[in-house]
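What follows is a set of notes on a single structure, which appears directly below.
Letters A, B, ... mirror the listed sequences (proteins, then strands); counts begin at 1. Below, each value reflects all heavy atoms present in this structure, side chains not excepted, and no hydrogens, waters or symmetry copies.
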Amino acid sequence: MEQELKIDDINDLIQRRIEELNELQKMKITPYQYSFDVNAFSSDIKNDFEKFEGKNVKIAGRIMALRRMGKASFAHIQDIKGRIQFYLKQDEIGEENYKIFKLSDIGDIVGVCGKVFKTKTGEISVHSDSYTLLAKSIRPIPIAKEVVDENGNKTIFDQFVDKELRYRQRYVDLIVNPEIKDIFIKRSKIITELRSFLNSKNYLEAETPVLQPIYGGAAARPFVTHHNTLDMTLYLRIADELYLKRLIVGGFDGVYEISKDFRNEGIDRTHNPEFTMLELYVAYRDYFWMMELVEEMINNICIKVFGTTEFEIEGKKINFKAPWQRISMTDEIQKITGLDVLKANENEIIKILKSKNVELTGKENKGKLIDLLFEATIQPNLIQPTFIIDYPLEISPLAKKHRKKEGLVERFEGFVMGREICNAFSELNDPIDQRSRFEEQKKLGDEGDEEAHQIDDDFVRALEYGMPPTAGLGLGIDRFVMLLTNQPSIRDVIFFPQMRNL
RNA sequence: GGGCGCGUAGCUCAGUGGUAGAGCAUCUGCCUUUUAAGCAGGGGGUCGAUGGUUCGAGCCCAUCCGCGCUCACCA
């Protein structure tokens with residue numbers, strides 16, 4: 001049975017492979033097999049040659065290099081752990097099987113059985129006595145040839161480097177640049193350790209709605225969608241916060257969620273429209289307590305996943321070891337600029353901002369101006385892990401007023417390498433204050449601030465029933481993974497980053 | 001959104017006004033321990049798209065599409 005060609009970007013390379021496929025089928029070979037009993041992996045064999053030498057192994061993987069020399073051949077296959085060479089010759093596997101092998105291409109998935117041996121030139125290989133085509137590849141993969149010199153330095157020729165194609169066709173990227181798998185494995189371990197740390201504290205992993213009639217918990221523009229049967233507008237969540245706090249009202253005293261949030265905003269090195277966020281709320285605790293928890297949690301992840309708290313990130317040595325420095329935002333601004341922003345009027349702050357070439361829209365309130373001043377003067381210098389504490393009230397509509405300092409809230413953000421990695425507060429649990437904060441936000445919204453918070457009456461009602469004092473935390477997983485794995489772009493830590501349609 | 005840059009064979013790239021190239025990949029032949037295997041020979045292109053300038057455009061100009069870097073925005 002000949003395969004119909006229904007491939008839009010057919011070329012002669014694909015054409016030829018389909019012809020091979022048909023030839024295999026004429027030979028009654030099934031080019032897409034059902035299973036293969038793998039019992040060994042490339043790097044295990046190479047790392048423990050003494051144990052494997054002379055033993056029969058069954059390995060499987062993708063052919064990544066082929067060297068055919070008439071009636072004998074060498075090839076490399078790539079499995080989950082790396083690459084290994086196999087050798088086969090016609091005398092040993094028979095003409096029929098050798099013909100099947102000759103119809104194989106780089107990219108095919110194959111299974112090989114045979115004895116482990118070392119070639120004349122010293123490469124640990126599998127001397128195959130059977131060869132099975134498991135899945136025929138009809139689309140050629142970009143071939144990158146590798147050379148490892150005697151010092152172990154790897155040179156890669158013609159590496160697949162087009163970033164656009166790598167992101168759009170991540171499956172090819174993973175085949176051809178397998179070292180990136182490690183980043184994603186690290187990402188997975190980080191999330192696993194995060195979850196196991198939080199579970200060890202007996203916090204409940206909760207699932208809250210992605211589709212929300214009122215979005216909230218952050219300042220961001222949402223994605224809008226529509227439910228047909230209910231005939232109502234729904235928003236993809238921009239944060240989990242308000243639902244998780246409802247669970248605290250309901251009597252859970254520790255809840256967390258690791259989930260996707262969606263923000264309809266720009267895309268760049270640090271922003272993907274959907275991203276993974278950890279949010280955690282713990283009853284009867286405040287933001288001081290939460291700072292210690294963050295230190296403990298991050299130290300734990302560093303040790304469990306990387307075995308150290310010391311990292312080299314973009315050439316700088318970073319140590320996550322607790323305790324982190326704690327700096328008051330307004331004190332530090334005063335130290336650096338000489339201005340007491342709490343007492344100063346807006347014009348005094350604007351004057352300094354202008355001298356720093358910060359562009360203003362003219363709509364900023366005092367809290368926003370203070371935040372801008374912080375970003376311009378202090379944030380870039382926060383290289384080692386640092387907590388900035390006590391933020392202006394106007395930019396923190398869900399945080400509790402500071403117990404001592406007028407105009408501020410009990411909020412902290414953690415910074416590393418000048419970048420924010422987490423955000424936390426003593427949560428606002430005064431329903432009357434919360435309603436007036438929402439009303440302030442509504443004013444901003446009415447004035448055109450597209451990111452202003454919506455009024456969530458049901459959330460206020462929940463607070464009216466009474467929410468215990470609570471500490472809350474948000475931690476952006478993608479950016480955290482970027483830091484720990486030293487990746488320059490969020491797209492390098494997300495398997496399938498959002499791309500424009502072609 | 002602004003600035004800079006990129007888009008040529010499956011991959012990596014050269015080609016700055018005069019017949020579209022190289023290496024790898026691929027095909028044919030030879031080759032039973034090779035390893036960027038080798039030797040000999042061959043095929044493969046809407047040069048991102050559209051329009052313009054020119055006797056002549058991959059190259060110059062304009063517009064558009066896509067991507068990258070960067071700045072702004074995104075607390």
Between [options], spot the one nearest the side chain of [X], thanks.
X: Gln85(A); options: rG66(B), rU34(B), rG10(B); answer: rU34(B)
X: Arg269(A); options: rC71(B), rU33(B), rA75(B); answer: rC71(B)
X: Leu165(A); options: rG66(B), rC11(B), rU34(B); answer: rC11(B)
X: Phe117(A); options: rG66(B), rU33(B), rA75(B); answer: rU33(B)
X: Glu20(A); options: rA36(B), rC27(B), rC31(B); answer: rC27(B)
X: Asp371(A); options: rA75(B), rU12(B), rG10(B); answer: rA75(B)
X: Asp91(A); options: rG10(B), rC27(B), rU32(B); answer: rU32(B)
X: Tyr87(A); options: rC73(B), rU32(B), rA25(B); answer: rU32(B)
X: Lys71(A); options: rU34(B), rU32(B), rC11(B); answer: rU32(B)
X: Glu413(A); options: rC31(B), rC24(B), rA75(B); answer: rA75(B)

[atom1] gap between [N] and [M], integer Å:
N: rU12(B); M: rG7(B); atom1: P; value: 12 Å
N: rU33(B); M: rA37(B); atom1: C1'; value: 11 Å
N: rC55(B); M: rA72(B); atom1: C1'; value: 48 Å
N: rU54(B); M: rA62(B); atom1: C1'; value: 16 Å
N: rU63(B); M: rG2(B); atom1: P; value: 12 Å
N: rC31(B); M: rG18(B); atom1: C1'; value: 44 Å
N: rC73(B); M: rG58(B); atom1: C1'; value: 38 Å
N: rC30(B); M: rG45(B); atom1: P; value: 28 Å

Tell me, please, whether Phe74(A) has Arg68(A) positioned over its six-membered ring: NZ or CZ under 6.0 Å from the ring centre and within 45 degrees of its axis?
->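 No, Arg68(A) does not lie over the aromatic ring of Phe74(A).
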
Decide whether a cation-pi geometry holds between Arg411(A) and Tyr391(A); the criteria are a distance under 6.0 Å from NZ or CZ to the six-membered ring centre and an angle within 45° of the ring axis.
->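 Verdict for Tyr391(A): a cation-pi partner in Arg411(A).
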
For a quick check of understanding: with a heavy-atom distance under 4.0 Å over all strands, which category does [X] fall into, base, sugar-phosphate or nothing?
X: Arg411(A); answer: base
X: Glu265(A); answer: sugar-phosphate
X: Glu375(A); answer: sugar-phosphate
X: Arg16(A); answer: sugar-phosphate
X: Val176(A); answer: nothing

Rounded to whole angstrom units, what separation is found between the [atom1] atom of [X] and the [atom2] atom of [N]?
X: Asp108(A); N: rG10(B); atom1: CG; atom2: P; answer: 19 Å
X: Phe74(A); N: rC31(B); atom1: CZ; atom2: C1'; answer: 13 Å
X: Lys89(A); N: rU33(B); atom1: NZ; atom2: P; answer: 7 Å
X: Arg83(A); N: rU34(B); atom1: CZ; atom2: P; answer: 20 Å
X: Ile141(A); N: rU12(B); atom1: CD1; atom2: P; answer: 13 Å
X: Asp162(A); N: rC13(B); atom1: CG; atom2: C1'; answer: 13 Å
X: Tyr131(A); N: rU32(B); atom1: OH; atom2: P; answer: 19 Å
X: Arg68(A); N: rU28(B); atom1: CZ; atom2: C1'; answer: 13 Å

Return the pairing partner of [N] with a 3.5 Å limit on both distances, Watson-Crick or G-U wobble; otherwise return none.
N: rU53(B); value: none
N: rU28(B); value: rA40(B)
N: rC67(B); value: rG5(B)
N: rG17(B); value: none
N: rC59(B); value: none

According to the interplanar angle, ranging from 0 to 90°, do the rings of Phe495(A) and Phe184(A) count as parallel (below 30°), tilted (30 to 60°) or perpendicular (above 60°)?
->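 Judged by the thresholds at 30° and 60°, the geometry between Phe495(A) and Phe184(A) is parallel.
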
Under 4.5 Å between any side-chain heavy atoms of Leu473(A) and Asn423(A), yes or no?
->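 Answer no - side chains too far apart.
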
5' precedence on RNA chain B between Tyr391(A) and Met499(A) (nearest-nucleotide basis) |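 Residue closer to the 5' terminus by nearest nucleotide: Met499(A).
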
Between Phe160(A) and Ser125(A), just flag the one whose closest nucleotide in RNA chain B comes earlier from the 5' side.
->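 The answer here is Phe160(A).
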
Tell me if the centroids of the rings in [X] and [Y] come within less than 6.0 Å of each other.
X: Tyr287(A); Y: Phe425(A); answer: no
X: Tyr98(A); Y: Phe101(A); answer: yes
X: Tyr235(A); Y: Phe223(A); answer: no

Is there a side-chain polar atom (N or O) of Arg67(A) under 4.0 Å from OP1 or OP2 of rU34(B)?
->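 So the side chain of Arg67(A) is outside the cut-off, no N or O lying under 4.0 Å from OP1 or OP2 of rU34(B).
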
With respect to the phosphate group of rA37(B), does any side-chain polar atom (N or O) of Lys145(A) fall under 4.0 Å of OP1 or OP2?
->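 Looking at the OP1 and OP2 atoms of rA37(B), one of them is under 4.0 Å from a side-chain N or O of Lys145(A).
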
Distance-only donor-acceptor test (3.5 Å): side chain Asp12(A), base rU26(B) |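 There is none.
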
Is Glu440(A) salt-bridged to Lys443(A), cutoff N-O under 4.0 Å?
->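 Result for this pair is yes, salt bridge flagged.
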
Shortest non-hydrogen contact between Gly414(A) and Phe387(A), atoms and distance |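 Closest approach of Gly414(A) to Phe387(A), heavy atoms only: CA-CD2, 4.0 Å.
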
